[in-house]
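Shown next, in C-alpha cells, is the structure this report addresses.
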Amino acid sequence: MAKYQIAVLPGDGIGPEVMDQANRVLDAVCSKFDIQLERTVYPVGGYAIDHHGEALPESTLKGCEQADAILFGSIGGPKWDSLPLDKRPERAALLTLRSHFDLFSNLRPAKIYEGLAHLSPLRVDIAQSGVDVLVVRELTSGIYFGQPKGLEGEGEEQYAFDTMRYSKREIRRIAISAFDAAMKRGKKVTSVDKANVLVCSRLWREVVEEVAKDYTEVTLEHIYIDNATMQLLCDPAQFDVMLCSNLFGDIISDECAMLTGSMGLLPSASINGDGFGMYEPAGGSAPDIAGKGIANPIAQILSASMMLRYSLGEEAAADAIDAAVMKTLSDGVLTGELMPKEQRDKACTTEQVGTYLIQQIS
Ligand SMILES: NC(=O)c1ccc[n+]([C@@H]2O[C@H](COP(=O)([O-])OP(=O)(O)OC[C@H]3O[C@@H](n4cnc5c(N)ncnc54)[C@H](O)[C@@H]3O)[C@@H](O)[C@H]2O)c1
Ligand SMILES: CC(C)[C@H](C(=O)O)[C@@H](O)C(=O)O
Ligand SMILES: [Mg+2]
C-alpha cells in the first residue's frame, strides 16, 4: 500500500470549512485506491497568530519540511489587516512558505466543462466557445519579493516603493514550465507582460523567445496585460497556456476563475524543481461568507486532486476526484454563488456538495 505524509494547513475564514470536505473526499478516494495518506494538521495564518503568536510557527514549517506535500486552505482576513505587512498572514506565512520551498511554478487551470457554460458570467455565445486556460504564474520572485521600502521623505513628498526584479534564470525556469505544459495541451503559449513600459518585461520577452526555440511545435504569442484582461472577456478560446509574472498571474487567475463561474472553482499547484508542492485554492479566506457553511469546496477538493497527481503520482485517484467533481456540477449540485440570486434558496451547503461528491466516488 502506497503511504504518504501530508501537512494540512487549513488556515482562516472558509479555509477550515472547505478543507473538511477535501479531507472527506481524500478519505473516500484513498480507501478506494488503497492509498495511505497520513495527514497532520498544523496552525497557519491568522489562526496561528491568535494561538501561537506568529503566522508561521516553527513547528508548522518543520511539519511541512517532513511531509511529501502540503495541502493549504486559505489565510488572512480583516482581523489581521492592521498588522505590519511583514507580520500579516499573507507575507509572514504564505509568501514565506512559497519562498522557503522555492515553489516557483504555480499552475492554475480554469475550464468551462461540457454542459456547464451556463455557470459562466460570460455572454452565452462566448461561454459556449469555451474557456480552457492554464495560467502558469511565476510565484517566488517579481514585485512580491523585491525589496520593499517603508515611508521616507516628509509631508506630501513622503513615498514608499516596491521593487520588481527578475533574473534570466527565474524567467527561464517558469517559461520552461509553461512550454512543457503547452506540449501536453493545446501547444500554444501566450506570454503576458507590459513590455511597452517595464524593463523587467523586456527581459521577460527576450528570455521567453529564447526558450521558445526549443519548442518548435508550440506557438508563442506575446500580449500586454491590459489587453489580456479584455481578450479574456471577449475571446477566451484563443488562450491555452498563459505565462505570467507573479503579479500579472495573480490578477489574471482571479479573472479566469470567475469566467468559469466562481472563485470557488479554481485550484492551484505550486511546485518546485524537485516536484515538491503546496496545493491550495486560488481564492482567499472569503470573510464575507466565512462561518456560514456555504463556501464552494470544489477548488479545495481539486487542489487535493492536483496534489495526488503532481506530487504523489496517484493519477487514478486524481482522475476519480476530477470525474466526481464534473458529475456533481453537471448534476446541478451547486453552492449558491454558482446560482442565479433568485434560486439561491435551493443552493447546497459546503457539506452537501462534499457528501454528493463522495457518493460519486464510492
Ligand atoms: N491563498 C490564500 O490564502 C489567499 C488567496 C487570496 C486572498 N487571500 C486573503 O483572503 C482575504 C480575503 O481576500 P479577498 O476578499 O480579496 O478575496 P477572496 O478570494 O477571499 O474573496 C473574493 C470573493 O470570492 C468569493 N469566494 C472566494 N472563494 C470562494 C468559495 N470557495 N466559494 C464561494 N465564494 C468564494 C468571496 O466570497 C468573495 O466574494 C484577504 O486577507 C486576502 O489577502 C488569501
Ligand atoms: C494572499 C495573496 C498573497 C496571494 C497572492 O497574491 O499570491 C493570493 O491572492 C493568491 O492568488 O494566491
Ligand atoms: Mg490572488
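Values below: every heavy atom of this structure, side chains too, minus hydrogens, waters and symmetry copies. Counting convention: from 1, in listed order, for ligands and their atoms alike.
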Check your understanding: Quick check: does Asn246 get an N/O under 3.5 Å from an N/O on ligand 2?
Key -> no
Exercise for review: Would you check whether Glu90 has a nitrogen or oxygen atom less than 3.5 angstrom from a nitrogen or oxygen atom of ligand 2?
Suggested key: no
Show the atoms of ligand 1 that are less than 4.0 angstrom away from any heavy atom in [X].
X      : answer
Gly77  : 41 (O)
Glu280 : 1 (N), 2 (C)
Glu337 : 33 (C)
Gly76  : 41 (O)
Gly284 : 4 (C), 5 (C), 6 (C), 7 (C), 8 (N), 10 (O), 18 (P), 19 (O), 20 (O), 44 (C)

Is there at least one pair of N or O atoms, one from [X] and one from ligand 1, spaced under 3.5 Å apart?
X      : result
Gly264 : no
Glu90  : yes
Asp288 : yes
Ser285 : yes

Using a distance-only test with no angle check, is there a side-chain donor-acceptor pair under 3.5 angstrom linking [X] and [Y]?
X      : Y      : value
Asn196 : Tyr224 : no
Glu351 : Thr349 : no
Glu138 : Thr140 : yes
Tyr4   : Ser311 : no
Ser141 : Glu170 : yes

Point to revise | Atom of Asp250 nearest the Mg ion (ligand 3) (restricted to N/O/S, atom name only) | key: OD1
To check your reading of the model: name the closest protein heavy atom to [atom], its residue, and the distance in Å.
atom                    : value
atom 32 (N) of ligand 1 : Asn296 N, 2.9 Å
atom 34 (N) of ligand 1 : Ile289 CD1, 3.6 Å
atom 8 (C) of ligand 2  : Asp250 OD1, 3.9 Å
atom 21 (O) of ligand 1 : Ala286 CA, 4.2 Å
atom 13 (O) of ligand 1 : Pro287 CD, 4.6 Å
atom 6 (O) of ligand 2  : Tyr144 OH, 2.5 Å
atom 22 (C) of ligand 1 : Met263 CG, 4.6 Å
atom 3 (O) of ligand 1  : Ile75 N, 2.9 Å

State whether the side chain of [X] and the backbone N or O of [Y] hold a donor-acceptor pair below 3.5 Å, judged by distance alone.
X      : Y      : answer
Thr40  : Ala7   : no
Asn272 : Asp274 : yes
Asp240 : Lys188 : yes
Arg137 : Asn246 : yes
Gln359 : Ile361 : no
Ser330 : Met326 : yes
Gln300 : Phe72  : yes

Study note, to complete from the structure: Note: Thr335, heavy atoms under 4.0 Å from ligand 1, region reported as neither
Review point. Quick one: does ligand 2 sit under 4.0 Å from the side chain of Arg88, the backbone, both or neither, non-hydrogen atoms only?
Key: neither
**Study point:** Sidechain N-carboxylate O distance under 4.0 Å for Asp322, Arg309
**Key:** yes
Review point. Do any heavy atoms of Ala282 fall under 4.0 Å from ligand 1?
Key: yes
Review point. Is there a heavy atom in Val18 that sits closer than 4.0 Å to ligand 1?
Key: no
Practice item. With heavy atoms of Arg108 as the reference, note each atom of ligand 2 found under 4.0 Å away. Key: 10 (C), 11 (O), 12 (O)
Review point. What class does the angle between the rings of His52 and Tyr47 fall in, given that below 30° is parallel, 30 to 60° is tilted and above 60° is perpendicular?
Key: tilted
